[in-house]
Amino acid sequence: MAAHKPVEWVQAVITRFDEQLPIKVGHQNTHTKISTEHNKECLINISKYKFSLVISGLTNILKNVNNMVSCLSSPQQSKDCLRLDETMLVKQLLPEICHFIHTYREGHQHAAELRASASAVLFSLSCNNFNAVFSRISTRLQELTVCSEDNVDVHDIELMQYINVDCSKLKRLLQETVLKFRALKKPAQLAVINSLEKAFWNWVENYPDEFTMLYQRPQADMAEAAEKLFDLVDSFAESAKRKAAVWPLQIILLILCPEILHTISKDTVEESKANKKLFLDNLRKALAGQGGSKQLMESAAIACVKLCKASTYINWEDHSTIFLLVQSIVMDLKALLFNPAKSFWRGTGSQNADVELMMDCFVSCFRINPHNNQHFKVCLASSSPSTFHFVLVNSLHRIITNSHLDWWPKIDAVYCYSGELRFMFSDTLNRVVQGASTHAPLRMTPSLTFKGKMSTSLKFKEKATDLDTRSYKCLLLALVKLIHADPKLMLHNPVKQTPEMQSSTAELITGLVQLVPLTNTTQLSQEAMEALLVLHQPETIELWNPDAPIETFWDIRYSLVTYIIFEELLDPNTVDIEEHLWFVS
């Protein structure tokens, strides 16, 4: 059938995929999920030979239903995009993908998933069809240069932040913006400023070698475009409010000009560079609280975090001026972001962005100097706000899972804090389990590792509100993911005796076992199982107690079986012994 009627066969698979979408069938069980995934794999394989038919069919689905577009985001599609005429991309697929990016904002049930999936599709398409996407952006910029309305549609400009850009493509975006920025209305200018900043990070994170090379061999045309745009944006920033909006982009534009950074580090500079030197002076003053505006201080913090983050993609052996600039601001930056007496907060609705900013700062400071860890100790202290704990744990996870540059330090630099992290896990676990269980959890024997940690200064708050409980669950999930990512971090016991090592390992494993049957926190339960599997890898078992790994293994396994059976006797209605014992057999 496939050989003689390819169109009908492809359409049959697409129809079957359409019929199994959640919007058509409602809640999916395991069987329907497997079937849907199978259909997606079929479509991906078919697209290698009949790409245009698959894309046309899926585009029609997108026109008719508001559902996930994740099937399109497979990297395999982009390899064959060259087969598809760019006109067809622009007229058919691209508008539909843009619709999912622009239409679904907060409030829609699947808004975040829709945007993420659509963004992944756009990123894949732009890899081999950059001209099609760039043309859409450029055309909209041109239209807005002659538009007299103040309330304009800037959605197509925002596509900059979702596309794949290498060095040459970033230069094209900068040069296009330089030509049209002055003629744009304020909303369009702000959209360009925000989108270019994200485009820069797309470049750095996807092509880090290119960015590193920029500081070994500066590119005159890149620096020229970046400097021109800096001057245009500087003229735009007439008020404190506008300065706050543009400072994060301005620091990035300076980062793209290594030679200018070196020039303005001197005491005297030529007139054409004076505004760049003044910008850095104002940035330092605002960061230190001398800028006269809370808004400017917050913007300075954002800009300085971006500076620190960018500097980590440059090898310190290159002895670049950017490192001297980082050294001049990093202490004030950490004092502002990691002050337990006065948390950094930009207002209602900014919490997620503030946490992300603190994480970027934490990770960047670690990569700059892993041994300058005062902010680490602040985040680890139990007297600090819960946000600090969350930032700490998630930053450590990012350090473990994203460490692809040779000069980035590894997580073993903080293994010395494993005891404090285990205490945080134990304390957070007990609070979550107490809130989720109908009876008080079986108290584990306190590990000798933690006895010295149980001082008043290290005890977490005794009473928890509902908000605190949700925070504890988020923190516990992050801690379990951390164990899964690198069990050595929690198993490290550098100077402990054999009984202490065995006790701390037993407490850690028993704690994870407690999470497995929690039905009201499925993600936490699943992550706990994954962490247990990692802990039971042969090479990890040896770390349970390096002095006596086999004896420790069997002692802990026996203790776990006894503990699980006792839990079953305590409350057979809430404890499923099979779920507890799934990994023991």
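- Sorted by first and then second residue, the salt bridge (charged side-chain N to carboxylate O under 4.0 Å, His left out) pairs with a member in residues 332-346 read Arg346-Asp354; sequence neighbours excluded.
- Ring geometry for Phe323 versus Trp316: interplanar angle under 30°, hence parallel rather than tilted (30 to 60°).
- A distance-only check finds a donor-acceptor pair linking the side chain of Ser239 to the backbone of Arg242 [under 3.5 Å].
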Would you check, one step at a time, whether the test salt bridge (charged side-chain N to carboxylate O under 4.0 Å, His left out) holds for Arg172 with Glu176?
CA-CA 6 Å; Arg172 285 183 66 183; Glu176 187 74 10; over 6 Å; no

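- Pairs passing the salt bridge (charged side-chain N to carboxylate O under 4.0 Å, His left out) check and including a residue from residues 383-397, sequence neighbours excluded, do not occur.
- Using a cut-off of 4.0 Å between Lys/Arg side-chain N and Asp/Glu carboxylate O, Arg398 and Asp360 are scored as salt-bridged.
- For Phe362 and Phe376, the gap between ring centers is short of 6.0 Å.
- Checked by atom type, the side-chain pair Arg136/Asn131 shows no donor-acceptor distance below 3.5 Å.
- By the ring pair (Phe, Tyr, Trp, His ring centres under 6.0 Å) test, His404 pairs with Trp408, sequence neighbours left out.
- When each of Val269, Asp234, Ile264 is paired with Asn275, the side chain to side chain contact (heavy atoms under 4.5 Å, CB included) condition holds for Asp234 and for no other.
- At distances below 3.5 Å, at least one donor-acceptor pair connects side-chain atoms of Ser311 with backbone N or O atoms of Cys308.
- Of the inter-residue distances, the one linking Lys273 atom NZ with Phe230 atom CZ reads 11.0 Å to the nearest 0.5 angstrom.
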